[in-house]
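These values consider heavy atoms only, across backbone and side chains, with no hydrogens, waters or symmetry-generated copies. Predicted, not measured: the structure shown is a model, and the values here were computed from it.
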Amino acid sequence: MSARPPLTLLIHVCAAVLAAVSLAVTHRTGLVERPTALAFGLLVTVGELTRWTGARVREAAPLGAAGAMSYALLGEDAGRPTHHGVTQVVAVVLAAALIGSVPHIARGRGPVLDHLARRVLTVGFAAVCFQPLYNRGAFGEWRGPAYALLLLALLALTALCDAVLAAALAHSRTRWPFGPLLRDELHALLGIGSAVCATGAVMALAVAVVGLWALPVFSLPLLLTQLSFRRYAAVRTTYRQTITSLARATEIAGYTPTGHARRVAALSRAVGRDLGLTRPELTVLEYAALMHDIGQLSLVDPVPAGATAVLPAAEQRRIALLGGAVVRQTGVDSAVAVVVERQADPYREQPLAARIVRAVNAYEEKSRDAGPGGPLTALEELRLATAGDYAPEVVESLARVLARDCLTLPAAG
């Protein structure tokens with residue numbers, strides 16, 4: 001079992017310490033206002049039971065997150081002040097999350113430690129910001145819109161905290177640049193994250209007025225929103241599978257080696273990550289990399305091993321233009337067709353995505369049949385050609401990605 005990166009280990013240890021202290025204190029003092037704790041615990045459990053287990057999404061259990069946040073920011077229950085503290089909030093949410101995860105773990109799709117660590121730390125952050133001050137009467141004068149704005153502000157801060165944690169964990173695990181990862185996390189807050197924050201605030205306010213019956217009523221809109229996002233994710237998955245199938249046409253026809261398009265797409269996406277592309281830009285880059293060779297279907301005689309990097313510039317451009325025309329016929333985003341069309345242009349005239357596809361495709365072709373030293377030799381050839389053929393910043397980014405993943409080392413044996 002490989003050791004965890006230091007930052008990941010630190011976050012997991014902090015979450016474990018907070019969870020252990022909360023469980024110990026709650027066990028010693030007992031649950032305060034047991035019906036309220038059980039109601040919110042049930043809500044979080046249901047949220048975890050309905051969590052997404054398919055495509056990667058920013059918040060896998062939006063209902064569980066909203067329920068946890070509303071319990072952390074709960075001040076009154078049907079007009080009666082509550083007295084649960086930070087440790088009880090964390091203990092109830094952790095226990096509910098673990099119970100709700102049991103079926104997923106039994107099917108081998110249980111949440112990773114990152115998910116539980118983020119949940120414990122973000123809920124703890126929200127509770128620390130609200131519960132001590134509320135129990136001391138600091139919010140006694142806050143009424144109406146001011147109180148609602150206070151809850152929304154605390155939820156926004158909590159969402160920011162969660163985004164930083166998610167970006168830090170991804171950076172520690174993948175070693176991708178932290179800045180672009182954080183930017184993607186913040187951008188994702190505008191989607192399901194905003195629905196989670198709004199529902200958490202509304203639940204806390206509604207329970208304060210009408211009691212625990214508000215929980216099932218205000219859970220329904222978020223469940224419907226989750227269903228819509230799930231369907232959208234399914235459509236995107238189907239769309240990507242269609243593009244992948246189209247990209248395999250050159251392999252099936254014998255124009256390119258098996259797995260070439262997939263390898264170029266994966267490495268292009270990693271280089272795009274390293275260069276700070278946004279998530280939509282990475283999607284366009286990945287689709288273009290998958291379909292970059294589709295113009296070869298127009299050739300009467302296949303290029304040996306599909307190695308277009310060794311062809312004359314004019315022939316490369318002709319194949320690229322034909323490939324772009326095919327992509328446009330398929331109905332794929334026109335931005336993908338532009339990248340495919342321009343992958344053979346002089347690199348100074350290319351968009352960044354086309355520069356990446358050009359360099360990564362050349363690397364994959366040069367390293368494929370060059371023996372144990374192929375990766376290092378191919379990378380050196382690309383560096384020598386940066387004066388005219390390949391963008392220097394892309395080649396250096398490719399070198400960083402390869403070194404990070406140990407792909408430039410000679411193959412053993």
Practice task
Return yes if a side-chain donor-acceptor contact under 3.5 Å exists between H84 and N135, otherwise no.
Solution key: no

Completion exercise
d(Y287 OH, T242 OG1) to nearest 0.5 Å is 9.5 Å

Exercise for the section: Taking atom types as modelled, find out whether E381 and Y390 have a side-chain donor-acceptor pair closer than 3.5 angstrom. Expected result: no

Exercise for the section: Give a yes or no answer on whether the side chain of Q343 reaches the backbone of V340 with a donor-acceptor pair at less than 3.5 Å. Expected result: yes

Practice task
Say whether S397 and D274, considering side chains only, have a donor N or O and an acceptor N or O under 3.5 Å apart.
Solution key: yes

Handout entry: D389 vs Y347 side-chain heavy atoms within contact, under 4.5 Å
Key = no

Problem - Side chains of Y147 and L205 in contact at under 4.5 Å (non-hydrogen atoms) - result: yes

Practice task
Identify the two heavy atoms, one from A195 and one from L222, that lie closest to each other, and give their separation to 0.1 Å.
Solution key: CB-CD1, 3.9 Å

Practice task
Scan side-chain atoms only and decide if H260 and E364 contain a donor-acceptor pair under the 3.5 Å cut-off.
Solution key: yes

Handout entry: Contact list for residues 346-360, test salt bridge (Lys or Arg N to Asp or Glu O under 4.0 Å), sequence neighbours left out
Key = R355-E393

Exercise for the section: Look only at the side chain of Q350 and the backbone of D345, and say whether a donor-acceptor pair between them is shorter than 3.5 Å. Expected result: yes

Practice task
May I ask you to decide if the ring planes of F40 and Y71 are parallel, tilted or perpendicular, using 30° and 60° as cut-offs?
Solution key: parallel

Exercise for the section: Find out whether R136 and L133 are in side-chain contact, i.e. whether some heavy atom of one side chain is under 4.5 Å from a heavy atom of the other. Expected result: yes

Exercise for the section: Assess whether side chain to side chain contact (heavy atoms under 4.5 Å, CB included) is satisfied between L352 and V394, documenting all intermediate values. Expected result: CA-CA 8 Å; L352 180 56; V394 174; 4.0 Å; yes

Problem - Side chain T199, main chain V196, donor-acceptor under 3.5 Å - result: no

Completion exercise
CG (L151) and CG (L73) are apart, to the nearest 0.5 Å, by 5.5 Å

Problem - Side-chain H-bond candidate by donor/acceptor type, T377 with E380, under 3.5 Å - result: no

Problem - Test item: R400 side-chain N/O and V271 main-chain N/O as donor-acceptor pair under 3.5 Å - result: no

Handout entry: Exam field: side chain E251 to backbone T258, donor-acceptor pair closer than 3.5 Å
Key = no

Practice task
Using the salt bridge (charged side-chain N to carboxylate O under 4.0 Å, His left out) rule, take R119 and E48 through it: C-alpha gap first, then chi angles, then the decisive distance, then the call.
Solution key: CA-CA 11 Å; R119 179 74 79 233; E48 291 294 338; 3.4 Å; yes

Problem - F130 side, atom CZ; L154 side, atom CG - distance, nearest 0.5 Å - result: 7.5 Å

Exercise for the section: Starting from the C-alpha separation in whole Å, work towards a yes-or-no answer on side chain to side chain contact (heavy atoms under 4.5 Å, CB included) for R318 and L321. Expected result: CA-CA 5 Å; R318 186 179 77 85; L321 290 173; 6.0 Å; no

Problem - Between D293 and T250: side-chain donor-acceptor atoms closer than 3.5 Å - result: no

Fill in the blank from the handout: To the nearest 0.5 Å, atom OG1 of T36 lies from atom CG of L212 at 4.5 Å

Practice task
Hey, could you give me the CG/CG distance between D162 and L121, rounded to the nearest 0.5 Å?
Solution key: 9.5 Å

Practice task
Please step through side chain to side chain donor-acceptor pair (under 3.5 Å) for the pair E281 and T278, ending with a clear verdict.
Solution key: CA-CA 5 Å; E281 290 171 337; T278 64; 3.2 Å; yes

Exercise for the section: Please answer whether the main-chain N or O of T8 pairs with a side-chain N or O of S172 as donor and acceptor at a distance below 3.5 Å. Expected result: yes

Exercise for the section: Test M69 against T122 for side chain to side chain contact (heavy atoms under 4.5 Å, CB included), laying out the working first. Expected result: CA-CA 8 Å; M69 293 300 103; T122 53; 4.2 Å; yes

Problem - Whether Q131 side chain and A72 backbone form a donor-acceptor pair below 3.5 Å - result: yes

Completion exercise
Scanning both residues in full, the closest heavy-atom pair of A214 with A206 reads CB-CB, 3.5 Å

Exercise for the section: For the residue pair E33 and L74, establish whether any side-chain heavy-atom pair is separated by less than 4.5 Å. Expected result: no

Practice task
Verify, without hydrogens or angle tests, whether S268 (side chain) and V264 (backbone) share a donor-acceptor contact under 3.5 angstrom.
Solution key: yes

Practice task
Tell me, yes or no, whether the heavy-atom count around H187 atom NE2, taken from other residues, nucleotides or ligands under 6.0 Å, exceeds 12.
Solution key: no

Fill in the blank from the handout: For A19 and L94 the tightest heavy-atom approach is CB-CD2, 3.4 Å

Practice task
Mind listing the closest non-hydrogen atom pair of P177 and H171 along with its distance?
Solution key: C-ND1, 4.1 Å

Practice task
Indicate the atoms forming the closest heavy-atom contact of L31 with T26, along with that distance.
Solution key: CD2-CG2, 3.9 Å

Completion exercise
Contacts satisfying salt bridge (Lys or Arg N to Asp or Glu O under 4.0 Å) that involve residues 325-339 (not counting sequence neighbours) are R328-E341

Problem - Contact check, side chains of H12 and D114, non-hydrogen atoms, under 4.5 Å - result: yes

Exercise for the section: Go through the steps for R279 and R183 under the test side chain to side chain contact (heavy atoms under 4.5 Å, CB included), then give the verdict. Expected result: CA-CA 9 Å; R279 189 166 294 175; R183 180 193 59 208; over 6 Å; no

Practice task
Could you check if a side-chain atom of T283 sits within less than 4.5 angstrom of a side-chain atom of V336, using non-hydrogen atoms only?
Solution key: no

Problem - 4.5 Å side-chain heavy-atom contact, E76 and T82 - result: no

Problem - L267 CG to R262 CZ distance, which is reported to the nearest 0.5 Å - result: 12.0 Å

Problem - Side chain to side chain, F218 and S70, heavy atoms closer than 4.5 Å - result: no

Problem - For the student: nearest non-hydrogen atoms of P180 and G276, plus distance - result: CG-CA, 3.5 Å

